[in-house]
Asks: 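Pasting in a structure now, in structure tokens, and then I'll have a few things to ask.
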Amino acid sequence: MAIQIPRGTQDILPGEVEKWNYIENTAKKICENYQYREIRTPIFEYTELFQKGVGDTTDIVQKEMYTFRDRGDRSLTLRPEGTAPVVRSFIEHKMFGNAVQPVKLYYNGPMFRYERPQAGRFRQFVQFGVEALGSEDPAIDAEVISMAMEIYQQLGLKNLKLVINSLGDKESRMKHREALISHFKPHIGEFCTDCQNRLEKNPLRILDCKKDHDHPLMKTAPSILDYLNEHSKAYFDQVLDYLNALGIAYEVDSTLVRGLDYYYHTCFEIMSNAEGFGAITTLCGGGRYNGLVQEMGGPETPGIGFALSIERLLAALAAEGIELPVARSLDCYVVAIGDETKTAAFKLLHALRSEGFSADKDYMGRKVKAQFKAADRVQAKFVAVIGEDELKENKVNVRNMATGEQKELPIDGFISEFKKMANMGEE
Ligand code: HAM
């Protein structure tokens, strides 16, 4: 049997790839307007980066990483997410010393997680993400959230739900942690082994357990919002005030904890409400990670960001029946009639392309009628025909496929005449 694509991955074929480019370009444009700059980090990093950065107790690190040893016996991991690599790069390139602060970055690239593949869940998927490092202004939190919303809205999505929570600062989290341990400890035997392990290491993660989701103790678990100290509460309120000011609707959900360990204060997810979207409705996740830069060996630096996957975005667009404006067209198809005209036609084609027109010709030895059909199939705006008579007279016959108008243009100086004809067609 022929070799097949690995499970949880996909080929993005012509016809589909235009949508990806359209989405990525839209998101990039929005980021550039917000003054974020692109960063590209390697696809693999030392495994330790994610153990430290994402957190030892997370599902990602415990179960989902593609880790391997290279020929030098170093443990490397295909990146499961983009925040830890960006933070590593921020420290390594001393961006904390940049003249422009905060440091606002965006990235777009494949991530790898060994998860059970299903609709909206892949083993290789593409994340578009942003990270803003160096500011603890609640306006940056609102800025990052509004960017994510703008990406979706500019692409036409309507059925969106923003869910937001605060995990508080260190002090608030410690108090909440103790409360969670006291709450779960007497009954921890009724929970899965993962949760039993999490109890002392990271009890917050119990709230995110898929297996024990329906255990009655989950519903009565202490809410982080009741444990926020004054600073954390004021911070959260300011973020919400900014969102209100921008008219961004949200729902506060104190059970939103996210699957990564580095969050403090604001965390959020954007879901699709579209009917028929399927079980996995989270399109985008993000939050604030004050403390992460320091933990990774850099100076104390606050940070916040989000990541969304293009795969889920496409699924949301499909669920809402939104077609992206990605129709392809061809400026000119060159038809050669007779063997003697082939070289002249090929030169004409080259001249068109050199001037920035999209142009093509037949390479399949088709007869003239079939060449016209081929031009139709690729939606050529113009067809330029060179026959033996035309060649002798130094002429090309150009047909506007939309209007049927035909003109004879000189082979010498063809481009300038073609431009005139093409421009008239545009008006
Ligand atoms: P995350 O919630 O793990 O956060 O992933 C963010 C988004 O990536 C998800 O909301 C989802 O759209 C997409 N995603 C995750 N796993 C898959 C998968 N297996 N297949 C398809 N899409 C997937 C992070 O990765 C954080 N680094 C986000 C962040 C940036 N926080 C602060 N800055």
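Quantities reported herein were computed from a predicted structural model and do not represent experimental measurements. All heavy atoms count here, side chains included; hydrogens, waters and symmetry mates do not. Indexing begins at 1, ligand by ligand and atom by atom, following the structure's order.
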Asks: Looking only at distances, can you tell me whether any N or O atom of Leu283, backbone or side chain, sits closer than 3.5 Å to an N or O atom of ligand 1?
Replies: yes
Asks: Test of understanding: given a 4.0 Å heavy-atom threshold, classify the contact between Tyr262 and ligand 1 as side chain, backbone, both, or neither.
Replies: side chain
Asks: Provide, to 0.1 Å, the distance between atom 7 (C) of ligand 1 and the closest protein heavy atom, together with that atom's residue and name.
Replies: Ala307 O, 3.4 Å
Asks: Can you tell me the protein heavy atom closest to atom 32 (C) of ligand 1 and the distance?
Replies: Gly305 O, 3.3 Å
Asks: Are Glu131 and Tyr107 close enough, and set up right, to give a side chain to side chain donor-acceptor pair (under 3.5 Å), and what steps lead you there?
Replies: CA-CA 9 Å; Glu131 311 293 348; Tyr107 51 89; 2.7 Å; yes
Asks: How long is the straight-line distance from CD of Glu143 back to CG of Leu243, given to the nearest 0.5 Å?
Replies: 12.0 Å
Asks: Between Lys219 and Asp214, does any NZ, NE, NH1 or NH2 come within less than 4.0 Å of an OD or OE carboxylate oxygen?
Replies: no
Asks: Of the listed options (Tyr289, Tyr263, Phe128, Phe306), which comes nearest to atom 31 (N) of ligand 1 when hydrogens are ignored and any heavy atom counts?
Replies: Tyr263
Asks: On a heavy-atom basis, which atom in Arg205 and which in Gly259 lie closest, and how many Å separate them?
Replies: NH1-CA, 3.3 Å
Asks: Which of the numbered atoms in ligand 1 are under 4.0 angstrom from any heavy atom belonging to Gly286?
Replies: 31 (N)
Asks: Identify the protein heavy atom lying closest to atom 9 (C) of ligand 1, giving its residue, its atom name and the separation to 0.1 Å.
Replies: Arg312 NH1, 4.1 Å
Asks: Parallel, tilted or perpendicular: which fits the ring planes of Phe418 and Phe357, with parallel below 30° and perpendicular above 60°?
Replies: perpendicular
Asks: Of the protein's non-hydrogen atoms, which lies at the shortest distance from atom 18 (C) of ligand 1, and what is that distance?
Replies: Phe125 CD2, 3.4 Å
Asks: Determine, step by step, whether Val239 and Tyr250 satisfy the side chain to side chain contact (heavy atoms under 4.5 Å, CB included) criterion, reporting the C-alpha distance in whole Å, the side-chain angles of both residues, the deciding distance to 0.1 Å, and the verdict.
Replies: CA-CA 11 Å; Val239 174; Tyr250 56 82; over 6 Å; no
Asks: Among all the protein's non-hydrogen atoms, which is closest to atom 20 (N) of ligand 1, and how far away is it?
Replies: Phe122 N, 3.0 Å
Asks: Counting each atom of ligand 1 from 1 as listed, which ones have a heavy atom of Gly285 under 4.0 Å away?
Replies: 10 (O), 28 (C), 29 (C)
Asks: Would you say Thr83 has any N or O atom under 3.5 Å from an N or O of ligand 1, going by distance alone?
Replies: yes
Asks: Regarding ligand 1, does Ser309 bring an N or O atom to under 3.5 Å of one of the ligand's N or O atoms?
Replies: yes
Asks: Glu45 side chain to Thr77 main-chain N or O, any donor-acceptor pair under 3.5 Å?
Replies: no
Asks: State the atoms of ligand 1, each with its element, that fall below the 4.0 Å cut-off from a heavy-atom position in Arg121.
Replies: 19 (N), 20 (N)
Asks: Would Ile304 count as being in polar contact with ligand 1, using the rule that some N or O on each side must be under 3.5 angstrom apart?
Replies: no
Asks: Yes or no: does Arg258 have any heavy atom under 4.0 Å from an atom of ligand 1?
Replies: yes
Asks: With atoms numbered from 1 as shown, which atoms in ligand 1 lie under 4.0 angstrom from a non-hydrogen atom of Thr282?
Replies: 10 (O), 12 (O)
Asks: Classify the ring geometry of His176 against Tyr227: parallel below 30°, tilted from 30° to 60°, perpendicular beyond 60°.
Replies: tilted
Asks: For Glu81 and ligand 1, does the shortest N/O to N/O distance drop below 3.5 Å?
Replies: yes
Asks: Return yes when Glu131 approaches ligand 1 closer than 4.0 angstrom through a heavy atom, no otherwise.
Replies: yes
Asks: Given that the side chain starts at C-beta and the backbone is N, CA, C, O, which of these parts of Gln127 lies under 4.0 Å from ligand 1, counting heavy atoms, or is it both or neither?
Replies: side chain
Asks: Assess Gly120 for proximity to ligand 1: is some non-hydrogen atom of it under 4.0 Å away?
Replies: yes
Asks: When rounded to the nearest 0.5 angstrom, what distance separates CZ in Phe184 from NE2 in His215?
Replies: 8.5 Å
Asks: Among Tyr34, Phe128, Phe306, Tyr36, which one satisfies ring-ring contact (aromatic ring centres under 6.0 Å, His included) with Tyr106?
Replies: Phe128
Asks: I'd like to know if the side chain of Glu269 and the backbone of Val163 have a donor-acceptor N/O pair within less than 3.5 Å.
Replies: no
Asks: Is there a donor-acceptor contact under 3.5 Å from the side chain of Asp59 to the main chain of Lys63?
Replies: no
